Amino acid sequence: MSIKKLIPANMLDLKPYQSARKLGGNGTIWLNANEYPCSPKFSVNSNKFNRYPQPQPQALLEKYANYSGLSPENILVCRGGDEGIELIMRAFCQANQDAILYCPPTYGMYQISANSFAIKTILVPQLMDFQLDLAAIKAQLDSNPQIKVLYICNPNNPTGTVLNYRDLAELLEITRDRAILVIDEAYIEFSPANSLVGELKNNPHLAIIRTLSKAFALAGLRVGFVLANVELIQLLNAIIAPYPIASVVADIAEQALSPEHIAQVQHNIRTIIAERQRLVEELKGLSQIEEIYASHANFILIKARDGNGLFNSLWEQGIILRNQHSQPLLENCIRTTIGTEAENNAVIAAIKNY
Ligand SMILES: *Cc1c(COP(=O)(O)O)cnc(C)c1O
């Protein structure tokens with residue numbers, strides 16, 4: 001006997017997210033998940049684990065409020081930015097009825113989360129320069145009342161593009177009183193001037209996703225944040241699981257947001273950006289490569305002459321990058337995270353040898 005007939009239709013075709021680790025093969029150099037290449041050192045302060053943690057650890061909220069220039073009531077702590085993405089979807093979309101809109105090529109989780117909640121997806125591809133097709137977005141919003149939430153990633157993964165501020169300002173107007181606008185700022189520490197955090201105060205329909213997984217080098221901790229106005233944060237607090245943040249996780253996340261560690265993160269960001277520039281210089285003009293796109297994050301997108309061949313060749317040498325060949329506009333494209341100097345040198349050497 002099988003449980004198949006008990007499974008709802010939308011669940012039957014679900015495929016788990018192709019996580020970087022799962023796709024790893026026999027990797028020795030991991031540059032496929034935009035992680036920071038080495039770990040900060042923290043130890044757990046508390047040795048009391050018998051009590052439930054605070055549903056929203058107040059000290060952590062205060063530290064992130066301080067870091068982002070907001071108040072604690074404008075912040076939700078969750079299990080990675082991914083949980084924030086999902087909570088907003090669940091809060092504003094009804095299954096088998098409502099839709100989200102996003103603009104490929106972009107982060108894969110918007111589609112995967114929507115599938116698991118039987119929420120429809122409307123795709124408005126980016127323009128050739130990876131900017132937003134505002135006219136097409138507006139046309140969709142005008143004609144399709146099912147659309148309740150828009151997901152826009154800035155800087156965008158996997159292109160590294162930052163969106164024109166004027167377009168985002170216009171998008172805030174187009175969506176006002178019409179839909180929730182989610183700006184996914186997972187990589188904003190690499191391009192802080194492009195944050196929309198300053199727009200929160202005049203935009204109750206704006207929500208910003210943040211994470212400690214990228215610039216803060218804590219992907220293993222699973223901590224993310226939603227930044228928004230009180231009304232939206234209260235709604236998310238009503239649907240999030242009761243104790244999402246384990247006490248040890250809150251403890252380490254608080255340490256990561258100390259002034260000393262923030263200064264360390266800022267130093268690390270400068271190192272990553274310098275390495276990114278070096279990598280671009282080394283790869284520019286190689287016959288194996290057709291184009292390197294300008295990046296404002298901790299990865300670069302490369303268009304190769306033979307993307308699949310190059311990707312597979314590096315894979316067989318234990319250098320695991322992310323193949324983007326099947327995304328719209330990204331034929332022959334590969335994304336590589338900026339790693340340590342030695343890791344980046346291995347990438348450069350392997351591409352030159354291909
Ligand atoms: C990595 C990433 C996230 C969130 O990652 P978490 O580890 O769940 O915090 C969100 N959006 C984008 C675009 C990302 O690349």
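Remember, predicted model here, so these are calculated numbers, not experimental data. Atoms within a ligand are numbered from 1 in the order they appear, just like the ligands themselves. Index from 1, following the sequence.
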query: What are the atoms of ligand 1, with element, lying closer than 4.0 Å to any heavy atom of T211?
result: 6 (P), 9 (O)

- request: Mark the output for G224 as yes if a heavy-atom distance to ligand 1 is under 4.0 Å, and as no if none is.
  value: no

- prompt: If you measure only the distance, is there a donor-acceptor pair under 3.5 Å linking the side chains of Y165 and E199?
  reply: yes

- prompt: Just by distance, with hydrogens left out, do R322 and N157 show a side-chain donor and acceptor under 3.5 Å apart?
  reply: no

- prompt: If we only count N/O pairs under 3.5 Å, is N34 in contact with ligand 1?
  reply: no

- request: Answer yes or no: is there a donor N or O on one side and an acceptor on the other, between the side chain of Q146 and the main chain of A99, under 3.5 Å?
  value: no

query: Are K138 and E170 close enough for a salt bridge, meaning some N to O gap below 4.0 Å?
result: no

- prompt: At a 4.0 Å threshold, what atoms of ligand 1 neighbour a non-hydrogen atom of A186?
  reply: 2 (C), 3 (C), 10 (C), 11 (N), 12 (C), 14 (C)

- prompt: Of the backbone atoms (N, CA, C, O) and the side-chain heavy atoms from C-beta on, which set of D82 has a member under 4.0 Å from an atom of ligand 1: side chain, backbone, both, or neither?
  reply: both

statement: The closest protein heavy-atom partner of atom 15 (O) of ligand 1 is Y187 OH, 2.6 Å

Residue and atom name of the nearest protein heavy atom (relative to atom 2 (C) of ligand 1), distance in Å to one decimal: K214 NZ, 2.5 Å

message: Y110 versus ligand 1: do any nitrogen or oxygen atoms come within less than 3.5 Å of each other?
response: no

- prompt: Numbering the atoms of ligand 1 from 1, which are under 4.0 Å from a heavy atom of G80?
  reply: 6 (P), 8 (O), 9 (O)

query: Considering the options I300, V162, T159, V280, which one meets the side-chain contact (heavy atoms from CB on, under 4.5 Å) requirement together with S295?
result: I300

query: Which is it for R222 and ligand 1 at heavy atoms under 4.0 Å: side chain, backbone, both or neither?
result: side chain

Side chains of D306 and Y354, donor plus acceptor under 3.5 Å: yes

message: Would the distance check show the side chain of N268 and the main-chain N or O of A215 forming a donor-acceptor pair, the cut-off being under 3.5 Å?
response: no

Test of proximity, G81 against ligand 1: N or O pairs below 3.5 Å: yes

field: Between Y187 and F299, ring centroids under 6.0 Å
entry: yes

query: If you take all heavy atoms of S116 and M11, which pair is closest and at what distance?
result: O-CE, 3.1 Å

- request: Look at ligand 1 and say whether D184 reaches it with a heavy atom at a distance under 4.0 Å.
  value: yes

query: Does C153 come within less than 4.0 angstrom of ligand 1, counting non-hydrogen atoms of the residue?
result: yes

